[in-house]
Amino acid sequence: MALYYPHHGYYARGHVPIGRSGDFVTSPHASPVFGGVIALQLYEMWNLLGKDEFNLCEIGAGSGLFMHDILNYIRTNLPDFYSHLKVFIVEPIGSLEAVQRDLLKEFPCTWFNSLEEIGSINGCIVSNELIDAFPVHMIEKREEGFFEVYISHEDRKHLTETYGSLSDERLQSYIHQYLGNVDLGYRTEINLILKDWLSEVANVLKKGFLFTIDYGFSRRDYYSPLRKRGTLRAFYQHTLSDDLYSNPGERDITHHVNFTDMLEWGSELNLQPIGFCNQWSFLASLGIEKVIETLYPKGLDPFSPALAGIKMLLLPQGMGDSHKFFIQAKGINSNVCLSGFKFQNKIDKLL
């Protein structure tokens, strides 16, 4: 409700709180170079699929800047690919769709409220910092066993936590399999909606790729003893907080992605893992320097905001290590090699 409730949820209030003047910055807001490099990977995918019509679908496009930079680069530098593109955007929030339509008005995009409305896709479904905003189940180990954390209120101004039985039978199976040995007081999240979402993707994606960009960990790192209070946090004006309940609807609430869950649940649906790596490695593997030269042919001043944005994409203290690239494929040989994983492929770290 805090994120998506109509008119009052954080993402449904009629503005896009992203960027330097908002609450957090995503890679497209750091530099248009990001979208240019992603365009190169999509171009390679198009070639692998036979250079036929290529469906490019973004789910949860935010301000629309990510898709804008991708399409702008393809139109200018890869015109043959651009002529074969069919672009879909899945956006259930009307106020965000309006922002996206305004920014992308020069490009041939079609909007849908859900994946199912599209029917089928041959190409690529992409998301950038989408899954971290899915609602999760929060659980905690107490002396009597595992309980789910619920929200209650004694009055209309104060939200409090309370404990109750697990709300979904799948939670008990998951806990038994992966969390039986954690210490008392251990709290974490389980993202069951991710499993349902992957099923929707698999039903729509007939042949092609699922391209996920987000911050997260392998299951082993996610449920490390060092992470005993989970990863659920609130963002406000670029400041991270453990306080989830103050000013609901006015702050972003986010969690890290469990990429091992995504790999295993996807494999059950014939979404085969192709590659997994850090953001810096993916961008460097595809030749980020060539994109920089293309977008800034006169070069960059060493103290320019543009160069600072590019550094934010690559450096560990920016998004270079925290953000991960994960690609799964359906109807394609799982041994296919994508250029984004040329320098590094850590898919074995998820197993």
Side-chain angles (χ1 to χ4, degrees), residues 3 24 26 127-142 145-149 161 166-199 201 210-235 240-242 244 252-269 271-282 316 319-328 341 344-351:
L3 293 185
F24 58 92
T26 66
S127 69
N128 181 47
E129 296 195 35
L130 169 74
I131 297 171
D132 62 74
F134 283 7
V136 292
H137 296 270
M138 186 186 290
I139 59 162
E140 184 172 312
K141 187 175 183 179
R142 300 170 68 81
F146 280 92
F147 289 82
E148 187 158 0
V149 181
E161 292 184 357
L166 302 176
S167 62
D168 191 309
E169 60 183 13
R170 294 177 295 175
L171 292 172
Q172 187 62 59
S173 174
Y174 189 98
I175 290 168
H176 176 76
Q177 193 167 1
Y178 303 118
L179 293 168
N181 296 322
V182 299
D183 294 336
L184 287 177
Y186 193 94
R187 173 182 287 201
T188 192
E189 317 88 34
I190 300 175
N191 187 351
L192 291 181
I193 289 181
L194 173 59
K195 189 171 188 177
D196 301 331
W197 181 79
L198 285 168
S199 180
V201 169
L210 175 60
F211 190 167
T212 302
I213 305 165
D214 222 317
Y215 41 87
F217 309 107
S218 67
R219 185 186 293 138
R220 180 180 301 175
D221 289 335
Y222 204 104
Y223 299 131
S224 162
L226 299 176
R227 203 161 281 113
K228 60 184 179 181
R229 300 305 288 175
T231 72
L232 201 61
R233 301 290 186 270
F235 264 108
L240 194 62
S241 171
D242 292 333
L244 302 176
D252 187 27
I253 299 177
T254 179
H255 72 285
H256 282 59
V257 177
N258 185 326
F259 283 104
T260 301
D261 282 350
M262 194 169 184
L263 182 150
E264 292 184 354
W265 293 338
S267 295
E268 294 171 4
L269 299 162
L271 295 169
Q272 301 304 320
I274 300 297
F276 176 75
C277 70
N278 295 337
Q279 177 165 298
W280 72 262
S281 175
F282 193 90
M319 303 172 183
D321 274 340
S322 61
H323 288 58
K324 308 298 193 300
F325 282 63
F326 183 38
I327 295 182
Q328 298 156 279
F341 303 109
Q344 185 185 85
N345 191 344
K346 294 185 174 182
I347 202 74
D348 59 311
K349 301 295 183 181
L350 300 182
L351 303 176

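Side chains are part of it too, since the values below use all heavy atoms of this structure and drop only hydrogens, waters and symmetry mates. Values in this document were obtained by computation on a predicted structure and should not be read as measured data.
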Any chance CZ of R229 has more than 12 other-residue heavy atoms, nucleotides or ligands included, within less than 6.0 Å? yes

Please answer whether the main-chain N or O of W280 pairs with a side-chain N or O of N278 as donor and acceptor at a distance below 3.5 Å. no

At their closest point, which heavy atom of E148 faces which heavy atom of H137, and how far apart are they? OE2-ND1, 2.6 Å

Would D261 and N191 count as a side chain to side chain contact (heavy atoms under 4.5 Å, CB included) here? Give the steps. CA-CA 9 Å; D261 282 350; N191 187 351; 6.0 Å; no

Backbone N or O of M262 within a donor-acceptor pair of the Q328 side chain at under 3.5 Å? yes

Going by the angle between their ring planes, with limits at 30° and 60°, are F325 and F282 parallel, tilted or perpendicular? parallel

Verify, without hydrogens or angle tests, whether N345 (side chain) and I274 (backbone) share a donor-acceptor contact under 3.5 angstrom. yes

Does some side-chain heavy atom of I190 sit less than 4.5 Å from a side-chain heavy atom of L179? yes

Look up atom OG1 in T212 and atom NZ in K324, then write down how far apart they are to the nearest 0.5 Å. 13.5 Å

Minimum heavy-atom separation for I347 and G275, please, with both atom names. CD1-C, 3.9 Å

N181, CG atom: more than 12 neighbouring heavy atoms under 6.0 Å: no

Short side-chain donor-acceptor distance under 3.5 Å, E129 and T26: no

Grab the two heavy atoms, one from D214 and one from F259, that are nearest each other, plus how far apart they are. O-CZ, 3.9 Å

Within the distance-only criterion (no hydrogens, no angle test), does the side chain of R187 pair as donor or acceptor with the backbone N or O of M138 below 3.5 angstrom? no

Closest contact, heavy atoms only, Y186 versus S224: OH-O, 3.0 Å

Do the ring planes of F217 and Y222 sit parallel (below 30°), tilted (30 to 60°) or perpendicular (above 60°)? perpendicular

